[in-house]
K.L.:
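After the structure tokens below, expect a handful of questions from me.
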Amino acid sequence: MEIKKVMVIGAGQMGAGIAQVCAQAGYDCLLHDLNEDYCLRGLGVIRKNLARQVDKGKMTQDQMEVILAYIQPSTDLHNASGVDLVIEAAVENMEVKTKIFRELDKIAPDHAILASNTSSLPITEIAAATSRPEKVIGMHFMNPVPVMKLVEIIRGLATDDEVYELIEGMTKTIGKVPVEVNDYPGFVSNRILMPMINEAIYTLYEGVATKEAIDEVMKLGMNHPMGPLTLADFIGLDTCLYIMETLYDGFGDSKYRPCPLLRKYVKAGWLGRKSGRGFYEYS
Ligand code: NAI
């Protein structure tokens, strides 16, 4: 089997980036979301990213138009009937994801691979919502997708070796570095990163230091490119909370309890950069 046509579900910050890198590698790509406005917003982000490359002299205007022509918007999941691979990047919520996978299982061709970009939810459980668990796999891209090299490839309990190899090969084709991990909450990346971010939020919550001071300590002291609170805003505070809840539920260990301040911000709609306000304000 050869992967030629891809559908990306969710045209948010991750989905738009995934569609962009797939199109840049010459894959026909459908960018699917709940309505046309969301699709157009995602396409607008891709256009802006590519235009920046044109401004820097890294690609021509013509090359940009060729890449954009590979991406078509979609608001009808039935469009999955013509694809070889679906990469789901909708919200980090098990109910939403299993509903999407159940529907995709009915629509997508038998040979199609169904991948999820989930940051932390069990691939095995998502796969169990389908009649093809051997063709379900995790492709965990990093944010921002066009810049970050890593893709964690997560094998569910039933994932076929052949499916793993196809996805590993495709990941290399789109210019990324695949790393194989097994299916446990948070995988490797968020098992380690998210408790650090949560602890930074506790540090703020307990008044140990200001948000600026916490970020400065981690930037200058630990040589991190950005502080943990800035990074949380960048990831999205709703996504951070979902991941902490997945770790807490999955391991049943109190060390993973989400900080009440994180919950409060999410309830207030302060979701970070994408909503204009999180720990910091964005214009
Ligand atoms: P986002 O909130 O920017 O985008 C989510 C998109 O999914 C929205 O456009 C929304 O309208 C759409 N959506 C929601 N339900 C849908 C449905 N039923 N059908 C089609 N589209 C639907 O979120 P973001 O940050 O792009 O995250 C998406 C996924 O990627 C999550 O699972 C998240 O955990 C994962 N992820 C996020 C990272 C990050 O740094 N934000 C990094 C790696 C993975």
Side-chain angles (χ1 to χ4, degrees), residues 7-21 30-46 49 73-80 86-104 107-108 114-123 125-126 129 138-154 171 176 179 181 185-194 197 225-226 228-247 266 269-276 278 282:
M7 176 186 250
V8 178
I9 298 192
Q13 34 179 5
M14 295 304 292
I18 295 167
Q20 180 185 325
V21 294
L30 289 165
L31 184 56
H32 176 90
D33 210 306
L34 295 170
N35 63 46
E36 209 177 319
D37 281 353
Y38 293 160
C39 290
L40 293 180
R41 192 184 54 191
L43 284 168
V45 169
I46 297 172
N49 280 345
S74 157
T75 52
D76 183 352
L77 206 59
H78 285 91
N79 292 326
V86 179
I87 306 175
E88 172 276 321
V91 284
E92 188 74 348
N93 177 298
M94 186 52 108
E95 262 175 57
V96 174
K97 292 202 192 290
T98 47
K99 184 167 180 281
I100 292 172
F101 273 73
R102 215 172 287 125
E103 288 173 26
L104 281 173
I107 299 167
L114 309 181
S116 176
N117 178 51
T118 176
S119 313
S120 62
L121 295 169
I123 295 301
E125 195 175 332
I126 296 174
M139 283 180 93
H140 182 208
F141 289 81
M142 304 294 124
N143 188 8
V145 179
V147 177
M148 301 293 280
K149 284 279 174 216
L150 174 69
V151 181
E152 264 185 317
I153 312 275
I154 303 109
T171 302
K176 304 292 177 197
V179 175
V181 306
F187 317 127
V188 171
S189 52
N190 279 317
R191 170 104 176 244
I192 298 172
L193 172 69
M194 213 40 83
I197 287 179
M226 65 173 82
L229 300 173
T230 304
L231 180 57
D233 274 357
F234 190 65
I235 293 169
L237 301 190
D238 51 342
T239 300
C240 292
L241 179 58
Y242 279 133
I243 296 170
M244 283 313 296
E245 278 170 345
T246 303
L247 292 171
V266 172
W270 296 6
L271 305 182
R273 198 174 274 273
K274 66 183 168 187
S275 72
Y282 305 89

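When a ligand or atom number is given, it counts from 1 through the structure's own listing order. Values reported hereafter were calculated over all heavy atoms of this structure, with side chains retained and with hydrogens, waters and symmetry mates removed.
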K.L.:
Please work out whether any backbone atom (N, CA, C, O) or any side-chain heavy atom from C-beta onward of T239 is under 4.0 Å from ligand 1, and answer side chain, backbone, both or neither.
P.N.:
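Side chain only.
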K.L.:
Identify the protein heavy atom lying closest to atom 9 (O) of ligand 1, giving its residue, its atom name and the separation to 0.1 Å.
P.N.:
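Residue, atom and distance for the closest contact: D33 OD2, 2.6 Å.
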K.L.:
For ligand 1, does F141 get within less than 4.0 Å through its side chain, its backbone, both, or neither, judged by non-hydrogen atoms?
P.N.:
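Backbone only.
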K.L.:
Nearest to atom 20 (C) of ligand 1, what protein heavy atom do you find, and at what distance?
P.N.:
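Checked against all protein heavy atoms, atom 20 (C) of ligand 1 sits closest to I9 CG2, 3.6 Å.
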K.L.:
Counting heavy atoms only, which of A89, A90, S119, G10 is nearest atom 31 (C) of ligand 1?
P.N.:
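Closest candidate by heavy-atom distance is A90.
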K.L.:
Applying a heavy-atom cut-off of 4.0 Å, say which part of L77 lies close to ligand 1: side chain, backbone, both or neither.
P.N.:
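Answer for L77: neither.
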K.L.:
Is a side-chain N or O of E152 found less than 3.5 angstrom from the main chain of F141, in a donor-acceptor match?
P.N.:
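Here the side-chain-to-backbone pair does not exist.
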K.L.:
Of all heavy-atom pairs between S119 and I243, which one has the smallest distance, and what is that distance?
P.N.:
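So the two residues come closest at CB-CD1, 3.3 Å.
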K.L.:
Using a 4.0 Å cutoff against the non-hydrogen atoms of I100, which atoms of ligand 1 qualify?
P.N.:
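Those of ligand 1 that fall under 4.0 Å from I100 are 17 (C), 18 (N), 19 (N).
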K.L.:
Answer yes or no: is there a side-chain heavy-atom contact under 4.5 Å between L31 and S74?
P.N.:
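When only atoms from C-beta onward are counted, S74 and L31 do not touch, as no gap falls below 4.5 Å.
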K.L.:
Where is the nearest protein heavy atom to atom 37 (C) of ligand 1: which residue, which atom, and how far?
P.N.:
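So the nearest neighbour among protein heavy atoms is M14 CG, 3.4 Å.
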K.L.:
If you define the side chain from C-beta out and look only at heavy atoms, does anything of E88 sit under 4.5 Å from N117?
P.N.:
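The answer is no, as the side chains (C-beta and beyond) never meet within the 4.5 Å cut-off.
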K.L.:
Quick check against the 3.5 Å criterion: does D76 have a side-chain atom that pairs as donor or acceptor with the backbone of N79?
P.N.:
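Judged by distance alone, no pair lies under 3.5 Å.
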K.L.:
How far is atom 32 (O) of ligand 1 from the closest protein heavy atom, and which atom is that?
P.N.:
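Among all protein heavy atoms, the one nearest atom 32 (O) of ligand 1 is E92 OE1, 2.6 Å.
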K.L.:
Look at atom 4 (O) of ligand 1 and say which protein heavy atom is nearest, naming residue and atom and giving the distance to 0.1 Å.
P.N.:
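Answer, as residue, atom name and distance: G12 CA, 3.3 Å.
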K.L.:
Hey, does I235 come in under 3.5 Å of ligand 1, counting only N/O atoms on both sides?
P.N.:
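For ligand 1, there is an N or O atom that lies under 3.5 Å from one belonging to I235.
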K.L.:
Would you call K99-E103 a salt bridge at under 4.0 Å N-O?
P.N.:
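Here K99 pairs with E103 in a salt bridge, since their nearest N and O are under 4.0 Å apart.
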K.L.:
Show the atoms of ligand 1 that are less than 4.0 angstrom away from any heavy atom in R41.
P.N.:
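Ligand 1 atoms under the 4.0 Å threshold to R41: 9 (O).
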K.L.:
What verdict does the salt bridge (Lys or Arg N to Asp or Glu O under 4.0 Å) test give for D238 and K274, after you've listed the backbone C-alpha separation in whole Å, the side-chain angles of each residue and the deciding distance to 0.1 Å?
P.N.:
CA-CA 10 Å; D238 51 342; K274 66 183 168 187; 3.0 Å; yes
K.L.:
Just which atoms of ligand 1 are under 4.0 Å from any heavy atom in H140?
P.N.:
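Going through ligand 1 atom by atom, the ones under 4.0 Å from H140 are 43 (C), 44 (C).
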K.L.:
So which protein heavy atom does atom 3 (O) of ligand 1 come closest to, and at what separation?
P.N.:
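For this ligand atom, the closest protein heavy atom is Q13 N, 3.1 Å.
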K.L.:
Is there a side-chain contact between L193 and L231, using heavy atoms and a 4.5 Å cut-off?
P.N.:
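Yes. Closest side-chain heavy atoms under 4.5 Å.
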K.L.:
Report yes if the side chains of M139 and S116 come closer than 4.5 Å at any heavy-atom pair, otherwise no.
P.N.:
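Side-chain contact under 4.5 Å: no.
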K.L.:
Is the backbone N or O of M226 less than 3.5 Å from a side-chain atom of T230, with the two atoms forming a donor-acceptor pair by type?
P.N.:
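No: the side chain of T230 does not pair with the backbone of M226.
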K.L.:
Output yes when the distance from some N or O of ligand 1 to some N or O of D238 is under 3.5 Å, and no in every other case.
P.N.:
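Such a contact does not occur with ligand 1.
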K.L.:
Taking side chain as C-beta onward, heavy atoms only, is H140 less than 4.5 Å from V151?
P.N.:
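The answer is no, as the side chains (C-beta and beyond) never meet within the 4.5 Å cut-off.
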K.L.:
What protein heavy atom sits nearest atom 17 (C) of ligand 1, and how far off is it?
P.N.:
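Checking every protein heavy atom, the shortest distance to atom 17 (C) of ligand 1 gives L34 CD2, 3.4 Å.
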K.L.:
Any atoms of ligand 1 less than 4.0 Å from a non-hydrogen atom of Y38? List them with their elements.
P.N.:
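Counting from 1, the qualifying ligand atoms are 11 (O).
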K.L.:
Do any nitrogen or oxygen atoms of N143 lie less than 3.5 angstrom from nitrogen or oxygen atoms of ligand 1?
P.N.:
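Yes.
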K.L.:
Can you tell me which residue and heavy atom of the protein come closest to atom 2 (O) of ligand 1, and the distance to 0.1 Å?
P.N.:
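Going atom by atom, the protein heavy atom closest to atom 2 (O) of ligand 1 ends up being K274 NZ, 3.2 Å.
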K.L.:
Just heavy atoms, cut-off under 4.0 Å: does K97 contact ligand 1 by side chain, backbone, both, or neither?
P.N.:
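Contact part for K97 vs ligand 1: side chain (C-beta onward).
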K.L.:
If the threshold is 4.0 Å, N to carboxylate O, is there a salt bridge linking R41 and D33?
P.N.:
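Here R41 does not pair with D33 in a salt bridge, since their nearest N and O are not under 4.0 Å apart.
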